[in-house]
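What follows is a short report on a single structure.
Basis for what follows: all heavy atoms, side chains included, without hydrogens, waters or symmetry-related copies.
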Amino acid sequence: MQRPREYTVQEVAAQLASPTPPRLLDVREPSEWELVHLAAGQLISDDLLEQILTEWPKETAIVCYCHHGIRSLNAAVFLQQKGFQNVGSMRGGIDAWSIEIDTSLPRY
């Protein structure tokens, strides 16, 4: 099995602006989400994970993100192991997004 793709923040921004954007999964802690999050993101929870695994089509385009891109890569590997074929991770996480895409977002 190949390692999931790591997208740059510029690639994710372009994907989100496309007519068929990916599902954006925030795999950080709720306290981190409260500090800053991307509007298109969905904070992962036990309920959402159950829904993803049982209801989402395996070809759903998914990009995971976290603070710096490490947890999100692990989450992408997990989803790939569960059969998702179009899953990746945002390299550099929300920290890179706040530096390169939207400087109005606070960094932590």
Handout entry: Within 6.0 angstrom of L48 CG, more than 12 heavy atoms from elsewhere
Key = yes
Practice task
Flag yes if L25 and F78 sit in one hydrophobic cluster, no otherwise; membership is Ile, Leu, Val, Met, Phe, Trp, Tyr, and two members link when side-chain heavy atoms are under 4.5 Å apart.
Solution key: yes
Completion exercise
Scanning both residues in full, the closest heavy-atom pair of V27 with C64 reads CG1-CB, 4.4 Å
Practice task
Give a yes or no on whether M90 and L16 share a hydrophobic cluster (residues Ile, Leu, Val, Met, Phe, Trp, Tyr; joining criterion: side-chain heavy atoms under 4.5 Å apart).
Solution key: yes
Exercise for the section: Would you mind reporting whether Q80 and P4 have side-chain heavy atoms less than 4.5 Å apart? Expected result: yes
Practice task
Step through the shown structure and confirm whether more than 12 heavy atoms of other residues, nucleotides or ligands are within 6.0 Å of CD on E29.
Solution key: no
Exercise for the section: Give a yes or no on whether K58 atom NZ has more than 12 heavy-atom contacts from other residues, nucleotides or ligands under 6.0 Å away. Expected result: yes
Practice task
Would you kindly say whether D102 and S104 are connected by a side-chain donor-acceptor distance under 3.5 Å?
Solution key: yes
Problem - Cluster check L35, Y65: I/L/V/M/F/W/Y, side chain < 4.5 angstrom - result: yes
Practice task
Check the hydrophobic clustering (I, L, V, M, F, W, Y; side-chain heavy atoms under 4.5 Å; chains of links allowed) and say if I99 and L38 are grouped together.
Solution key: no
Practice task
Say whether, by atom type as modelled, one donor and one acceptor occur between the side chain of H37 and the main chain of Q42 under 3.5 angstrom.
Solution key: no
Exercise for the section: For the pair R28 and E34, find out whether any cationic side-chain nitrogen is under 4.0 Å from an anionic carboxylate oxygen. Expected result: no
Exercise for the section: Return yes if some donor-acceptor pair links the side-chain N/O of R71 with the main-chain N/O of C66 below 3.5 Å, else return no. Expected result: no
Practice task
Would you check if the side chain of T54 reaches a backbone N or O of E50 as a donor-acceptor pair within less than 3.5 Å?
Solution key: yes
Exercise for the section: Work out which heavy atom in F84 is nearest to a heavy atom in I52; give both atom names and the distance. Expected result: CZ-O, 3.3 Å
